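Chain letters run A, B, ... following the sequence lines, proteins first, then strands; residues in each count from 1. Since the model is a prediction, treat every value here as computed from it, not as a measurement.
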Amino acid sequence: MATPTLTRPAPSTTTANNPKFRQPRKKLTVGRIAAIVVAAFIAVLWLIPFAWATATAFKTETDAAAPDVTWLPPSGFTSEAFVKVFQDGNIPLWTWNSLYTSAAITAITLVISALVAYALSRIDFRGKKVLMTVIIASIIIPPPVLIIPLFYQMLALNLIDTSWAIILPQVIHPAMVFVLKKFFDQIPRELEEAAVMDGASRLRIFTQIILPLSRPILAAVAIFVFIGAWNNFLWPFIATNDGNLLTLPVGLQTIKSAYGIQYAQNMASALLAALPLIVVFLFFQRQIIKGVATTGLAGT
Amino acid sequence: MKQFESLTGKQLSRRQLLTGSALLGGGLLATGLTGCGGAAQAAAVQDIGFWHLLSGGDGIKMQAMINAANQANPGFKVHPTVLAWGPPYYTKLAMASAGGRPPEVAIMHASRVPGYAPGGLIDPWDLDLLAENGVTASDFAPRIWEKSQHNGKVFSIALDSHPFVMFYNTDVAGKAGVLGSNGQLQEVSSPEEFKAMALEMQKVTKAHGLSFGYLGSGSQMWRLFYTLYKQHGADMVLTPGQPMKVDRDAAIESLEFMASLFDDTIAAQAGDISTGIAEFARGGSGMLFSGVWELPTMKKAGIPVDAATIPTLYGTPASYADSHSFVLPRQLNVNEDKRRDVYKFVTDVLKGSLSWAEAGHIPGYQPVVQSQAYRELTPQIHYANAADIIAYDPEAWFSGSGSDWQTYFAENVQNVLLGRDKASAGWDAFEQRTNTLLSRPNPV
Amino acid sequence: MSTSTLSRPRPETLRKPGSRSRSNVSGWAFATPFLVFFLVFLVWPILYGFYMSLTGKSLTGANDSLIGFANYAEALADGDMWRSLGNTLYFTVISTVPLVLVALVMAALLNVGLPAQWLWRLSYFAPYLLASTVVSLFFTWMYNPQLGLINEFLTGIGLPRVAWLNDPNVAMWAIVIATLWWTVGFNFLLYLAAMQNIPAQHYEAASLDGAGAWRQFFSITLPQLTPTTVMIVLLQILASLKIFDQVYQMTAGGPGGSTRPVVQYIFETGFTGYRLGYSAAISYIFFGLIVVISVMQFVITRRRSA
């Protein structure tokens, strides 16, 4: 918030700001070689947990629990852990639960945040300043301090162990309202004036002029909210107990007790849980990185 | 409970809320929710949710009993959910019951019922319906049936009692010359005799006489402590708003005796539960203090193992135990058909609990215990007498298996067992901790 | 920073469509959907939570009565609460430093202009896309005292085994390492974006003056990044204060409460111990702490940018 320059998504006028983060080719100097070596070292370190989990997941349980810790198991690699995990049948259900709750959270968040952000950006109404201040101030409220009253509220509404209990409290993102408002502020007003002359309603202007121009920021906000909802643990963990409703992160927490010490199956489950977002990331890397960089500083 | 009744009036606003957000979320969302939230199955087979906390060998036996019940009853299918033993399980069970959509039936340690029944988190059993399914009060040992009551109602149906017992290696015991003429361990009746016997065994194993791992486990320390404490004939009473009533001398004597065992000769000075089990399983000691549920592990280890209740060292036979019992978590809307199925399921499991006995537990259902098949189970039959001397945890909303109270016990007593603190100091600190809990508002 | 020269659209409306009162109506109409959620699921819980903290409310519905500030008095004398708050603060301090420094190093390395940028970004950032549970499963397995990869490596180079999650002196560091692996990619991206916003002219001028890469980094890059660094540190502190997931999943707060953060204590007093009212009081003490820290940060930022 204190650094509007970083949250500004509009194409910059400065020459150095290359949207692809790409730098001009440079010569291989000693310094650059050293940088490559260090970067590669860190990258390897960062990939080891994935690699080790993968190696374990493709071992037999016996090999995984063998006291000789080795990358190449004596009885060879096998996919039996994955088969067992699939037979157990919970991972697809949890993935689906995560998918539709996260999609719902993202959809509701986008709609209500864009609407209020538009009002804050364009409409001059009584109480606007107060509203803006309240919304910005609420950014500092950390979700964990709300778990007790929210749980009690869900009890009172009889919503515990329903999908609504997961979704409803997760759709308020004051920081995203702020990000959207900043973007709307930069859309030249001239674009709307013709429509106003024609007597178009506010809603029409919003849906037909503002929203189409705001696709990049909407995508960025959607990505940010979706990742957050997909990976959220604490609130879904509190809001649901029913095995049929668990989201992926919460369901995964129960496998340790269900499988006992089945290391290969544990790792297979973890990898299957990790897979969807990693695959999405591989396809939409640039958008996700831009999205995170754009919305990130506005508050997590 | 009044809180819940007064809140049902908010149904309307809830519906408005749902409609409003469904509109916002759009059609995709709405289909997603109804597609998954509701049960899509046809009417024929009732799905019964069942939570338990049994893992390892117990978990496999339980699964087999569930499968048997499912097969015998085409009208319902029991779906088990396994959660981690201890606080994770009991926390979630309380939250689910408070929320009103819990599983239809769940396993609970009988010692935890005082934390659930008074607050209305579990429903009482209907004795008539039980009788219709062929199970009545006379089918349970008196101590166990008594434990299932709260305020005159039956809140838990005991599947078993699982006392804390002593396993011993008959090979080691034979070589040490401490076996009686019946092939079972000689009776000892004082701490000194017990230690002498353990030392004889230590001469045979050259390692330790006794295995008992306790590091980091309040449950484990508590099980042995409470057995010894109750052997003094002493009581322990926890009443909210009052200091705990306890025989301090008996408590301290019990702790001192425990600490004196961990001298690296009789038993290892410091080790956790699994270390102790592993040591006994490879013949590194003659005796193991442990729950009966370790029996399958010992049989699998291939050592010549027998078992008995923990010797009476202070005059009064007593054995710490708990019971896995069935409870009915409170439902927002009770489905009478499902309830009926639950009674059928539970009584079926009780009647088939011989296989549960094979895992070491003493069945709660007496017709099984009195059956010829059970009498032929060894070493189970050698500690079956425990059912008459078992001591459950003192009742309080915070006590019982896997409770925080046992954690507090570990926090204050572990250093005593490690020889770093005086027994009186450790006990007094724990007593004070307990009194703090008792002085706080009672939340049930 | 450079982009502050951007021509901003004129601040307020040139011409307001419709009358003032119509604007009032449409303004609030646009705000209403958000406001409904905001009031019901944020404002109401905040207010109601405070009310709860003044009662003996329990999960079972018992003891509903108002008891004034007794819960707060009890909490302030509760050693376990202070210990868990201490653990949270300790984690915040020892995690923020590496989470900012490593992110800076990663971004600086990439900013040198390495080939195959996507590959580096993928490997540094990918863990951030994982759920906490996945991270905990990975690391619990790697930290396994007997079968874990890390101890295998340590014994391989002649070092003793470490009981990563079972040693009270080490467990918090084990959590920090897992957290670093998990979330540093986020700070890294923010740094990278900021670095690539530094105008090339700055470097060109310095190069003509004969400044080497190191000099350029310390005399141009770092100073230019100051506002970003301030923001990242602030956001990281706030994120670290909320620590719960990894600890709950990997150590459950153990061994012996040595890693239990205050959020877990809130969870336990409220749900394991049923005492929602007491737990709400601890939530508010924690909230107060966060507000104080936020205000301090705000004051510091203001002074810097002034």
Side-chain angles (χ1 to χ4, degrees), chain B residues 1-7 13-14 16-17 20-21 23-25 84-99 115-122 215-218 240 272 274 330 397-398 402-405 407-408 410-412 414-415 433 436-437 439-444, chain C residues 32-37 39-41 44 52 55-68 70-71 73-75 77-80 83 145-146 163 165-168 171 248-249 251-258 260 264-265 267-279 281:
Chain B
M1 289 310 296
K2 57 181 184 300
Q3 150 203 349
F4 292 109
E5 284 152 20
S6 69
L7 291 167
S13 64
R14 172 196 161 201
Q16 286 166 339
L17 213 97
S21 27
L23 285 173
L24 281 167
W85 194 93
Y89 179 78
Y90 284 111
T91 306
K92 273 306 195 179
L93 189 57
M95 289 168 78
S97 303
Y116 289 74
L121 293 178
I122 50 178
L215 274 189
S217 170
D272 59 14
S274 50
R330 183 193 74 96
W397 64 270
F398 53 76
S403 63
D404 285 345
W405 194 48
T407 311
Y408 303 145
E411 281 169 7
N412 292 296
Q414 179 158 306
N415 275 340
R433 190 76 174 81
T436 309
L437 278 173
S439 71
R440 289 180 179 174
N442 179 357
V444 296
Chain C
T32 296
F34 180 84
L35 267 185
V36 169
F37 283 99
L39 291 174
V40 175
F41 296 112
W44 172 252
M52 283 174 85
T55 70
K57 238 181 227 316
S58 132
L59 188 65
T60 66
N63 252 320
D64 235 351
S65 52
L66 269 171
I67 53 172
N71 283 329
E74 185 183 334
D78 181 347
D80 286 341
R83 191 158 175 231
Q146 309 302 326
L165 298 172
N166 298 314
D167 181 338
Y248 185 76
Q249 293 155 0
T251 66
S258 61
R260 178 167 64 189
Q264 189 184 338
Y265 194 57
F267 176 84
E268 287 175 358
T269 46
F271 298 122
T272 311
Y274 299 169
R275 299 184 60 198
L276 295 180
Y278 183 53
S279 173

Requested in this report: Check each atom of Glu74(C) against the heavy atoms of chain B and say whether the ones under 4.5 Å are side chain, backbone, both or neither.
Outcome: side chain
**Report entry** Considering all heavy atoms, the nearest Met95(B)-Leu59(C) contact
**Finding:** N-CD2, 4.2 Å
Query raised in the report: Looking at Thr60(C) and Val444(B), what are the two nearest heavy atoms and their distance?
Result: OG1-CA, 3.6 Å
Report task. List the atom of Gly273(C), the atom of Pro443(B), and the distance in Å for their closest heavy-atom pair. Result -> O-CG, 3.8 Å
Query raised in the report: With no hydrogens and no angle check, is any side-chain donor or acceptor of Tyr274(C) less than 3.5 Å from a backbone partner on Gly115(B)?
Result: yes
Requested in this report: Please state whether the side chain, the backbone, both or neither of Asn71(C) comes within less than 4.5 Å of a heavy atom of chain B.
Outcome: neither
Query raised in the report: Out of curiosity, Arg275(C) CZ to Phe398(B) CZ, how far, rounded to the nearest 0.5 Å?
Result: 11.5 Å
Query raised in the report: Which value, rounded to the nearest 0.5 Å, describes the distance between Arg440(B) atom CZ and Tyr278(C) atom OH?
Result: 5.0 Å
Query raised in the report: CD of Glu411(B) to CG of Asp80(C): how many Å apart, nearest 0.5 Å?
Result: 6.5 Å
